[in-house]
There are 2 protein chains.
Amino acid sequence: MDQAGDATLGIPVIEPSGIDASEEASPPNLVNLVTTSVTAMIRQRQLRGGHSIVEAKLAAQLGVSRTPLREGLQRLEGEGLVIKGSGRSFVVRHVDLGEYLQSLKVREILEPEAAEAAAGHIPDAEIAAVRREIAGLQAGSTSLHTDAHWQSDDALHELFARNSGNDVLAQVIRRLRVTTRLFEIARLQDRVAPDLREHAQILDALESGDGKAARKATQAHIRSLQRFALATVR
Amino acid sequence: MDQAGDATLGIPVIEPSGIDASEEASPPNLVNLVTTSVTAMIRQRQLRGGHSIVEAKLAAQLGVSRTPLREGLQRLEGEGLVIKGSGRSFVVRHVDLGEYLQSLKVREILEPEAAEAAAGHIPDAEIAAVRREIAGLQAGSTSLHTDAHWQSDDALHELFARNSGNDVLAQVIRRLRVTTRLFEIARLQDRVAPDLREHAQILDALESGDGKAARKATQAHIRSLQRFALATVR
DNA sequence: TGCGTTCATTTTGCATACAATCAGCCCTGT
DNA sequence: ACAGGGCTGATTGTATGCAAAATGAACGCA
């Protein structure tokens with residue numbers, strides 16, 4: 001079977017948008033293709049939380065053999081996107097409300113810190129770019145922009161994480177956001193409006209260089225997420 | 001070649017002591033063997049930071065074929081213990097002073113929080129067990145107990161991480177400690193005496209249930225690590 | 001000497017083969 | 001009806017084969 005011939009039936013091979021922003025271009029080998037594709041599929045809910053993965057099928061879909069597929073899945077397990085529970089197959093990790101709130105609690109500690117550290121140290125061009133993204137979202141109709149919304153969400157949080165001056169902190173935040181995003185795409189519907197508002201406030205504070213304000217706005221944003229989840233889910 | 005016949009030439013297959021304390025027993029397959037063994041080898045400096053891994057050789061050492069070896073390494077890459085640099089081979093991650101200090105900075109934010117949350121909620125038996133470990137260290141001569149020292153270090157930090165009531169927080173702390181440990185085993189020599197003293201203070205606070213004191217003692221401990229590194233290294 | 005260039009060897013990337021395990025099912029005996 | 005006991009197909013775990021890429025050493029040439 002000409003396995004590697006024509007790749008990726010309809011699966012768009014998308015860069016792991018924003019989150020996990022990689023610094024160095026990764027070589028174009030198949031396990032990188034797998035990790036990016038599966039990440040994208042999870043984010044787009046083509047693979048749902050709790051869904052168990054059958055290797056041969058997914059490998060065929062992606063146009064690779066089981067070897068690089070399994071290697072990619074192992075890497076994603078290390079990153080916490082899938083787990084190989086006591087059972088035999090890989091399972092897309094399912095984040096429940098409890099874990100979501102715990103993650104938000106940690107983010108509530110770290111992200112205001114990062115925002116404060118970043119305030120005043122972010123190139124204007126980057127801030128402007130994020131502003132444009134937000135403006136674009138406000139223009140269109142609210143629904144079904146969810147994908148673009150999450151991308152702008154990534155962009156904002158990545159903005160102060162990357163510019164916090166502490167790469168380890170940034171990496172920890174990215175990772176936590178993988179978890180929370182896993183929950184949000186599964187369970188939360190319409191955060192567009194409040195996110196846009198709160199993101200704008202954070203941006204204002206970041207741009208003005210007011211660290212304390214950035215801290216406060218970021219903390220308020222995350223607490224708003226906590227309240228929203230508690231009010232919305234179930 | 002009877003590849004899988006007699007395993008692990010002299011490489012003790014050690015549970016990933018303390019850090020990364022896994023909740024569920026992992027099935028005894030070869031990639032788990034690889035991940036635990038390589039983790040142990042890194043912690044025992046049989047594999048040094050920056051050292052590049054040749055798959056066939058390591059596979060033979062562990063008595064497995066390259067397939068599970070590579071899968072295990074991919075998982076460890078996801079966990080941040082090794083990286084596949086721009087080159088092709090896996091490389092044991094090298095943590096420099098800068099990254100060490102950044103990690104400590106994040107730990108300085110998170111661990112006092114965890115200690116405060118855990119204070120008063122830790123079963124007496126667990127505290128007693130850690131105390132015994134420390135006492136045992138104080139008895140022997142200081143040098144060459146480094147391995148046991150690290151183990152008791154793990155035990156103490158794991159103590160309040162696990163009992164903080166926030167599993168995500170605990171996991172983040174474990175992960176950060178992997179990074180810092182990577183540096184410490186490579187660069188820091190004699191932290192035994194100060195660690196014992198500071199650990200005892202943290203234990204006292206935890207046991208008395210005084211959250212504020214636990215927070216303070218933990219923060220002091222981490223700051224002490226920062227100072228020590230700056231004073232000691234190079 | 002310094003600098004490509006070629007070629008042999010090593011090492012990785014990937015596919016595939018096969019054995020071991022598991023899940024469902026039908027069959028049988030009670 | 002129903003509990004148990006193999007059978008069969010599906011799925012994973014592991015080893016191996018092979019081609020491509022990299023490494024490095026020997027060599028020739030300026």
Side-chain angles (χ1 to χ4, degrees), chain A residues 1-9 11 13 22 24-38 47 50-78 81-93, chain B residues 1-9 11 13 22 24-38 47 50-78 81-93:
Chain A
M1 184 196 307
D2 184 2
Q3 192 83 46
D6 54 344
T8 72
L9 317 179
I11 309 297
V13 178
S22 39
E24 326 237 337
S26 33
N29 57 22
L30 295 193
V31 359
N32 285 324
L33 184 152
V34 166
T35 56
T36 56
S37 298
V38 172
L47 288 175
H51 184 282
S52 109
I53 293 174
V54 308
E55 298 174 0
K57 190 152 34 175
L58 185 53
Q61 261 189 45
L62 295 178
V64 303
S65 80
R66 280 179 54 222
T67 303
L69 180 91
R70 287 180 54 113
E71 290 182 6
L73 289 178
Q74 292 282 4
R75 182 140 106 221
L76 292 179
E77 180 175 22
L81 269 179
V82 305
I83 58 178
K84 193 172 49 204
S86 50
R88 331 188 338 120
S89 348
F90 286 97
V91 171
V92 179
R93 191 151 75 90
Chain B
M1 182 196 309
D2 184 1
Q3 191 83 44
D6 54 345
T8 71
L9 317 179
I11 307 296
V13 178
S22 39
E24 327 237 339
S26 32
N29 56 24
L30 295 191
V31 357
N32 284 325
L33 184 152
V34 166
T35 56
T36 56
S37 298
V38 172
L47 288 175
H51 183 282
S52 112
I53 293 174
V54 312
E55 298 174 0
K57 188 153 32 175
L58 185 53
Q61 260 189 46
L62 296 178
V64 303
S65 79
R66 280 178 55 222
T67 304
L69 179 91
R70 290 180 53 127
E71 291 183 4
L73 289 178
Q74 292 283 1
R75 179 138 107 224
L76 292 179
E77 180 176 20
L81 270 179
V82 305
I83 59 178
K84 196 172 50 209
S86 50
R88 334 196 331 123
S89 354
F90 287 97
V91 172
V92 180
R93 190 151 73 91

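Below, chains carry the letters A, B, ... as their sequence lines are ordered, and counting in each starts from 1.
- In this structure, I53(A) atom CD1 and dG13(D) atom C1' are separated by 17 Å, rounded to whole Å.
- Across all non-hydrogen atoms, the minimal contact from G50(A) to V91(A) is O-CG1, 3.5 Å.
- Put simply, the side chain of N32(B) reaches to within 4.5 Å of the side chain of P27(B), judged on heavy atoms.
- Between Q74(A) and K84(A) the shortest heavy-atom distance is NE2-NZ, 3.3 Å.
- The CG atom of L69(B) sits 10.5 Å away from atom OG1 of T35(B), with the distance rounded to the nearest 0.5 Å.
- If you take CD of E55(A) and P of dA20(C), they are 18 Å apart, rounded to a whole angstrom.
- As a whole-Å value, the separation of R88(B) CZ from dA21(D) P is 8 Å.
- Note: NZ (K84(A)) to P (dT21(C)) measures 16 Å, nearest angstrom.
- Comparing atom distances between the N29(B) side chain and each of dT14(D), dA21(D), dC14(C) picks out dT14(D) as nearest.
- In this structure, E77(B) places its CD atom 11 Å from P of dG13(C), rounding to the nearest Å.
- Summarising the geometry of P68(A) relative to L30(A), their closest heavy-atom pair is CB-CB, 3.8 Å, with the distance given to 0.1 Å.
- Considering OG of S65(B) and CZ of R70(B), their distance stands at 11.0 Å, rounded to 0.5 Å.
- Contacts between residues 67-74 of chain B and DNA chain D, defined by a heavy-atom separation under 4.0 Å, are made by T67(B), P68(B).
- Spacing between atom CZ of R66(B) and atom C1' of dT16(C) amounts to 14 Å, rounded to whole angstrom units.
- Nucleotide dT10(C) holds its P atom 11 Å from the NZ atom of K57(B), rounded to whole Å.
- Note: CG (L30(B)) to P (dT12(D)) measures 17 Å, nearest angstrom.
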